[in-house]
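A note on names: the letters A, B, ... follow the listed sequences, proteins ahead of strands, and every chain is numbered from 1. The figures that follow rest on heavy atoms only: side chains count, while hydrogens, waters and symmetry mates do not.
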Amino acid sequence: MPLDPPLDLTVAIPSHDDNGNLTRLLRHLAALGIAQAVIVTDDGSLPAPDAETLARDSGLEPARLTLLRQDRVRGAGAARNRALLHVKTRHLLFLDADDLPARELRSLCQALAQADPFDFCIFQHHDSRMAQDRQRGQMPFDQDFWVQAGLAQGSLRPVPDSAAPLLAQTANYPWNKIYRTEFLLEQGIRCSETLVHNDIALHWQSFLRARSILSSACIGVTHFVQPGGSRLTNRLDAERLRVFEPLEQIALEIAAGTGPAGRRYAPAFFGFALGLLNWVQGTLAKDLQEELKIRADAFLQRHLSREMCRRLQQDRPADWQRAAELFSLPG
Amino acid sequence: MTAIMPALLSPGLSAFTASRQDGPLQAERTNLAPGMFLDADPALQMAGRYSSAAGAFLDLHAAPSGRGGWFGLHLALELPPLQEISYLGLACRAAAPEQLMLRPCLRTGLEGGGFSDCFFDRHILAAGRAHSHTDALYLDSRPELPLSAPWHELVLFLPCQAFDLSLMHLHLFAL
């Protein structure tokens, strides 16, 4: 018998040519009884999926499923934005088609249903690469930030202002947060409509604008990573250069902020940006390297104050050193 | 949290353990009780005997004359929907005159045929001094397990060489 969802929650899923995984995900959502509603935004798949087949193959009640369609490929960010406009529930969780929700996500939803109002709750996840070492949980890079924040344990805890910039430096995933829908709508928070790096703005604006953040050590989702596969994270093309669009957007928001939030998040964000640009440089095709350097130099020169440079040298010496080898940093 | 007890998970197990049984091991499949059997690679040319004293689970004397790839004890399981449980576990007590390693796994039938095996984290070691072993699969940590399946079995993979083994008891639980 299907379980009743404990939280008034929509799960929104962008999907592109991935009907097999999508059906598996919908089957899990149906069995675990997590979502009041599911919105799939198909991002130009060929052939286009149909809602009746998805519902039948997954066991999801047809009334719970909404299928939207972008006829041409516009990316997961545009697909999530489109889904957001159709959400009718109080809460929203973005998942990728190849993610799998865990039983612990249902427990978290039960806890959130009784929690005080919050803007979003960030939860832990299992990265499939950890299974190679017979471990379960996040990659060490992410886990270290949770530990530093003092939030690595605990079913549901408020995130203190001092800890939030640490959690903001975890990988910018959209699928590890349960949002209050009105928070996203009122604040005008959206994904960037680029093919890659479309989650940066969603992630950072969420932290910058939230008044109440919760965290949970529940491992709510399994995220599958296939190195060398055809995932967008493995793309090397010129789309990567559009990383400067969300970076610029967040840098300007931090600069314009008169409140404490901007000052609090600035070192975290520019540290993240430095690490990201280093990573992009390492993955980008050779013929695009010069263009990257021109844009990165301009971004870093424009936004890094002398004080911020000192802070980054101190906080992230390895990233600073690497960036100094690749780009022209402010003197 | 509710525990689901062995009699419900493997109906043949309790009745077999409570009864007195013995017989020869067959070259391929030895039926022990409904839903319980030993399955051997035919290449092993399995021979030997099994016995079960009333109140004890299973003694095995395996004497294969060939070389083969598998020999296992299979228990058909009647599991609740996997989304309704968090752990599937086993507890057993074993002894063997020579050290043996047994590997338990949850076998899941797949829609359209075939199966997949999900091994428990720890092997069972049987040695001269009887000792107890408990282990459980935390199902959230096994995302590859389908939430619904046509059938499930617990398979206890046994050595493919000659051995003697006493499984004094075997219990299954779901939480």
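Counting heavy atoms of neighbouring residues, nucleotides and ligands inside a 6.0 Å radius, atom CD of A/Gln110 exceeds 12 of them. For B/Glu98, the CD atom is loosely surrounded, since the number of other residues' heavy atoms within 6.0 Å does not exceed 12. Residue B/Arg67 qualifies as open at atom CZ: its count of foreign heavy atoms under 6.0 Å is 12 or below.
Between the CD atom in B/Gln83 and the CD1 atom in A/Ile34 there is a gap of 10.5 Å [rounded to 0.5 Å]. Here the OG atom belonging to B/Ser141 is positioned 12.5 Å from the CE atom belonging to A/Met130, to the nearest 0.5 angstrom. Here the OG1-CZ distance, from A/Thr222 to B/Arg142, works out to 12.0 Å after rounding to the nearest 0.5 Å.
By number of non-hydrogen pairs under 4.5 angstrom with chain B, the leading residue of A/Ala102, A/Ala131, A/Gly137 is A/Ala102. Residue with the most contacts toward chain A among B/Pro146, B/Ser148, B/Pro143: B/Pro143 (heavy-atom pairs, distance under 4.5 Å).
Of the two parts of A/Arg134, only the side chain, counted from C-beta on, holds a non-hydrogen atom closer than 4.5 Å to a non-hydrogen atom of chain B.
Taking both residues in full, the closest heavy atoms of A/His28 and B/Leu147 are given as CD2-CD1, 3.5 Å, listed atom of the first, atom of the second, then distance. The shortest heavy-atom contact between B/Ile85 and A/Arg103 is O-NE, 2.9 Å. Of all heavy-atom pairs between A/Arg136 and B/Tyr138, the closest is NE-CE2, 4.2 Å.
In terms of modelled atom types and a separation under 3.5 Å, the side chain of B/Asp140 and the main chain of A/Ile219 share no donor-acceptor contact.
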